[in-house]
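Step one of this worksheet: look at the structure below.
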Amino acid sequence: MDIVVLAGGTSTERDVSLITGKNVTKALRANGHRATLLDVFMGYEGDTDSFFDTDGIDETQKISETDPDIKGILASRKGDEKGLFGKNVLNLCKAADIVFVALHGEDGEDGKVQATFDLMGIKYTGSGSFGSALAMNKYVSKELMDAHGILNAKYMITKGKENAPAFPLPCVIKPFSGGSSVGVSIVTNKDEYTAALKQAAQYENDIIIEEYIKGREFSLGILGGTPLPPIEIIPKEGFYDYKNKYQEGMTIEICPAELSDELTKKMQNAALSVFKALELDVYGRIDFILKEGTKDFYCLEANSLPGMTALSLLPQEAKAAGIEYNELCEKIIELSLKKYE
């Protein structure tokens, strides 16, 4: 098949997306497909007739310790800086048999790209526009979890960094719709509270403040409606932030997680409940905290397009279930195409 692997974009998770896209492209080419990596924002300047003949991979692309300079990225595109879709992107996606959506974060994981593809009749992998939007919006996703009886942290929404009401400490402050823990802070005193609000406001005007739940952190993938083995995440320092997620050697990850059969099943059932409540499809990953001294799993968030880098959690979980990386990519393609039958 001719496959566009769509990555990059203009979110704070741009670098992660490009590495996901590179890995997926290599896997799909090894599987016999004519897969080509395409940056949704930068577009393609070459001959579109020969687009699928090359992989489009930039081997120099890396994930830095800090999130990328998005203003610099926006200023670097040739021609019209407005709009997400770069030159020839939509035409190439329309020419493909399917688009493997390897985007992360805003304007990629929030349903806007998926809605565009739906209107244009372009086939793509993963959840549809509605489920993607529900999962990306932290307020809506938490309201839906509450409605379905799914445990999650108490929270408050505030606007900007000024005059935010007080919230019981310790707490967690983060941008409303961000991902990869960009702009996230764990706060223990008033000075940290003020500083964390300012930091989160650099990324979004809307900010969510949550109660801090102490405990063990886990993640659990869903593939084709089947829960994968859970993985436990233990950062060597601090919490599971952007640096600890994507810099090798910063985090200990245990998969399958060392849990009783009872707790494993309980987390898998909770993950399936979140997946269904948020109208997700094909695959995803749900993050949890097992509250200290209890058997209660609190849902942190749902990821409709989980990372597929060398350090990402979903491929590790799939491998623990006997599914190697190349097979995982193929299964995502196969499951996604079934939506269009």
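Position 1 is the first residue of the sequence; numbering continues from there.
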Between the side chain of D58 and the main-chain N/O of T60, is any donor-acceptor distance below 3.5 Å?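 Present.
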Kindly say whether D296 contributes a backbone atom to a donor-acceptor pair with the side chain of T294 at under 3.5 angstrom?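 Here the side-chain-to-backbone pair exists.
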Does K154 make a cation-pi contact with F167, if we ask for NZ or CZ under 6.0 Å from the ring centre and within 45° of the axis?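 Not satisfied by the 6.0 Å and 45° rule.
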Can you tell if the side chain of [X] reaches within under 4.5 Å of the side chain of [Y], non-hydrogen atoms only?
| X | Y | value |
| --- | --- | --- |
| N326 | L28 | no |
| E217 | L300 | yes |
| I233 | F218 | no |

For residues 32-42, pull every pair meeting side chain to side chain donor-acceptor pair (under 3.5 Å), keeping only residues two or more places apart or in separate chains.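 Every pair satisfying side chain to side chain donor-acceptor pair (under 3.5 Å) with a residue in residues 32-42: D2-R34, R14-D39, H33-E330, R34-D53.
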Are [X] and [Y] linked by a side-chain donor-acceptor pair shorter than 3.5 Å?
| X | Y | value |
| --- | --- | --- |
| T48 | N88 | no |
| E13 | S17 | no |
| H104 | T20 | yes |
| S132 | S129 | no |

Could R285 and E317 be called an ion pair, given the rule that one side-chain N must be under 4.0 Å from one carboxylate O?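 Result for this pair is no, no salt bridge flagged.
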With ring pair (Phe, Tyr, Trp, His ring centres under 6.0 Å) as the test, would you mind laying out the steps for F288 and Y298 before giving the verdict? CA-CA 5 Å; F288 293 96; Y298 284 74; 9.8 Å; no
hydrophobic_cluster_shared for L280 and M145, side chain cutoff 4.5 Å: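 Looking at the clustering, L280 is in the same group as M145.
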Start with the C-alpha gap between I333 and I3, add the side-chain angles, then the distance that decides, and say whether side-chain contact (heavy atoms from CB on, under 4.5 Å) holds. CA-CA 10 Å; I333 293 281; I3 302 172; 4.1 Å; yes
